[in-house]
Amino acid sequence: MSPKPPPCLHFSLLYSPAQGTLTVTVISLVSARRKLGGVYVRLSLLPHCPNRQQTSVRRRSLSPEFRENFLFEVGSVEELKECCLHLNVFAKDFPSLRDTHLGEVMLACREVEWESNMPMTFNRELVLSKGKLKKSQSSQEAYNRRTSMSSARPLGQLFILLQYQTLAHRIKVMVRKAENLVKLTRMPGAPDHYVVINLRQDGMVIGSKETKMASGCNAVWNAPFLFDMPPGEIQQLPVSLEFIVMQGRIYTKSSILGRVLIGHDAPEAGQGHWKDMCCRGQVESARWHAIQPDCL
C-alpha cells in the first residue's frame with residue numbers, strides 16, 4: 001500500500017498596487033491524515049502585519065474547505081517583498097477540545113513574481129514545527145479551550161464606545177474597560193489582556209487594530225481607534241466590528257477568551273448598539289457587551 005500524501009494547504013494571493021493591499025484566500029486543507037474533529041488556520045504577514053488572523057473552524061472532514069479572505073495593508077510591492085507569510089494549521093479534537101498543531105507554511109514574498117491584480121494559487125505541504133508541540137502548550141491549551149468553549153460560564157463584559165463621524169465617513173471605536181474576565185489558566189498572578197478589533201465586510205477583514213496589554217480581571221484600556229468605512233450609506237453597509245479578547249502573559253501562549261460582535265452580522269445586542277450609533281449623529285454611544293465564547 002502506497003503511503004498517504006502529506007497534507008497540503010491550498011491558498012491564493014492577490015496583490016493590489018492601487019490599494020496597497022494583499023488579499024490572502026485560505027481555500028482548503030487537502031489530504032489530512034485522519035478525519036479531524038475540527039481544523040482552523042491562523043495567518044500573519046511579518047514583519048509589517050504581525051496581528052494574527054484566523055479562519056473559522058471546519059469540522060469532521062479529511063479535506064476541509066474554508067474559502068475565507070483576509071486583507072493585509074502592505075503598501076508598495078517593494079515593502080511586500082520584505083514580508084513573510086505564515087500560515088499555521090491547528091486541529092481541534094472534540095470533545096476534549098485540545099488544540100494540536102498540524103504544521104505550517106511559510107512563504108517568503110521576495111520569492112514570488114508579483115503581478116498586479118492577478119490572483120496566484122499555491123498548494124504547499126505542511127511542515128511540522130517542533131516548537132509548537134511542547135508539553136506545556138498541550139496541557140495548558142487543552143484547559144484553555146475547555147474553559148473558553150464553555151457557554152455555561154460567564155466570560156465577562158466589555159464596555160465599548162462607538163461614534164459615527166458623518167463628514168469623515170468613519171467610526172471612532174473606544175475600548176474602555178472590561179469587568180469580571182475569567183481566568184483561563186491555573187498559573188499564579190493576575191492575567192494580562194488585550195483586545196483585537198477587526199472591521200469585517202461580507203466576512204472579510206478589511207481593517208484591524210489592537211490595544212496594549214492591561215492587567216487583571218477588570219482590565220482598563222481607554223484605547224481609541226478610527227476605522228474608515230467603505231463607500232455607502234452607513235446603515236446599509238454589510239460591515240461588523242469584531243472584538244476578540246485575548247488573555248496571555250509574557251511567558252505563556254496567548255489564548256482567545258471570547259468575542260463581541262457589533263454590526264450587520266451581530267446578535268441582537270450588537271445590532272442594537274450599531275443602530276443606536278448610526279442614529280445619534282456625532283453623539284457617542286456606549287454600552288456593555290457580554291463576551292461570547294470562541295466557538296465558531
Side-chain angles (χ1 to χ4, degrees), residues 51-54 56-57 144-145 147-165 170-184 190-229 234-248 254-296:
N51 293 340
R52 293 178 302 176
Q53 302 188 46
Q54 180 175 311
S56 55
V57 177
N144 287 353
R145 294 297 169 177
T147 306
S148 65
M149 292 283 288
S150 175
S151 59
R153 184 181 184 186
L155 301 176
Q157 291 183 306
L158 197 62
F159 191 59
I160 299 168
L161 180 149
L162 300 177
Q163 179 194 44
Y164 175 53
Q165 300 177 353
R170 66 187 182 188
I171 291 179
K172 173 187 173 182
V173 177
M174 173 79 81
V175 182
R176 285 202 177 276
K177 57 184 178 180
E179 284 189 355
N180 303 318
L181 298 176
V182 300
K183 190 174 179 180
L184 297 182
D192 295 325
H193 299 88
Y194 64 98
V195 182
V196 177
I197 307 103
N198 292 325
L199 177 64
R200 291 183 173 270
Q201 181 180 18
D202 290 323
M204 184 173 70
V205 176
I206 61 174
S208 187
K209 310 285 185 180
E210 184 177 305
T211 71
K212 295 182 179 180
M213 282 283 193
S215 181
C217 295
N218 296 312
V220 177
W221 295 281
N222 285 324
F225 303 98
L226 293 174
F227 287 93
D228 293 320
M229 292 292 104
I234 184 66
Q235 297 192 47
Q236 305 300 323
L237 289 175
V239 296
S240 300
L241 287 165
E242 177 187 40
F243 299 81
I244 306 175
V245 184
M246 306 292 294
Q247 184 175 107
S254 293
S255 300
I256 297 178
L257 173 65
R259 303 171 187 261
V260 168
L261 193 62
I262 300 175
H264 178 74
D265 298 324
E268 184 177 353
Q271 291 189 21
H273 195 176
W274 185 267
K275 291 177 182 177
D276 186 55
M277 174 202 69
C278 294
C279 296
R280 281 176 171 252
Q282 298 295 323
V283 180
E284 297 173 340
S285 173
R287 293 190 184 186
W288 284 101
H289 292 266
I291 299 171
Q292 302 300 315
D294 178 43
C295 55
L296 297 179

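Note that these values count all heavy atoms, side chains included, but never hydrogens, waters or copies made by symmetry.
Closest of all the heavy-atom pairs between Ser240 and Leu261 is CB-CD1, 4.0 Å. Counting all heavy atoms, side chain and backbone alike, Ser285 lies closest to Asp276 at OG-OD2, 2.5 Å. Nearest heavy-atom pair, Asn222 versus Met174, reported as atom, atom and distance to 0.1 Å: C-SD, 3.5 Å. For the pair Asp228 and Leu199, the tightest heavy-atom approach, listed with the atom from each and the gap, is O-CD2, 3.8 Å. In terms of heavy-atom proximity, His273 sits nearest to Ile160 at CE1-O, 3.3 Å. Heavy-atom minimum distance, Tyr194 versus Arg52: OH-NH2, 4.5 Å.
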Under the side chain to side chain contact (heavy atoms under 4.5 Å, CB included) criterion, do Val195 and Val260 qualify, and how do the steps go?
CA-CA 10 Å; Val195 182; Val260 168; over 6 Å; no
Would Arg259 and Ile244 satisfy side chain to side chain contact (heavy atoms under 4.5 Å, CB included), going step by step from the backbone distance to the final call?
CA-CA 5 Å; Arg259 303 171 187 261; Ile244 306 175; 3.3 Å; yes
Could you go through Phe227 and Ile197, starting from their C-alpha distance and side-chain angles, then the distance that decides it, and tell me whether this counts as side chain to side chain contact (heavy atoms under 4.5 Å, CB included)?
CA-CA 10 Å; Phe227 287 93; Ile197 307 103; 3.7 Å; yes
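Atoms CD and CD1, from Gln271 and Ile262 in turn, are 11.5 Å apart once rounded to the nearest 0.5 Å. In this structure, CG in Leu162 is found 9.0 Å from SG in Cys278, a value given to the nearest 0.5 Å. Between Arg176 atom CZ and Thr211 atom OG1 the span is 14.0 Å, to the nearest 0.5 Å. Of the inter-residue distances, the one linking Arg287 atom CZ with Phe159 atom CZ reads 11.0 Å to the nearest 0.5 angstrom. Distance check: Gln165 CD to Gln282 CD gives 6.5 Å after rounding to the nearest 0.5 Å. Atom CD1 in Ile256 sits 5.0 Å away from atom CE in Met246 (nearest 0.5 Å).
Proximity of a side-chain donor or acceptor of Gln247 to a complementary backbone N or O of His193 within less than 3.5 Å is not detected. Checking side-chain atoms of Asn180 against main-chain N and O of Asn218 turns up no donor-acceptor pair under 3.5 Å.
Counting heavy atoms of neighbouring residues, nucleotides and ligands inside a 6.0 Å radius, atom CD of Glu268 does not exceed 12 of them.
For the pair Leu158 and Trp221, the minimum side-chain heavy-atom distance is below 4.5 Å. Residues Leu181 and Ile291 form a side-chain contact, since some pair of their non-hydrogen atoms from C-beta on lies under 4.5 Å apart. In this structure, Phe243 and Val173 have side chains that are in contact, with non-hydrogen atoms separated by less than 4.5 Å. Using a 4.5 Å heavy-atom cutoff, the side chains of Ile171 and Ile234 are in contact.
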For residues 201-209, run the donor-acceptor check on the side chains, cut-off 3.5 Å, and write out each pair with its distance to 0.1 Å, sequence neighbours left out.
{"from": "Ser208", "atom 1": "OG", "to": "Asn198", "atom 2": "OD1", "distance (Å)": "2.8"}

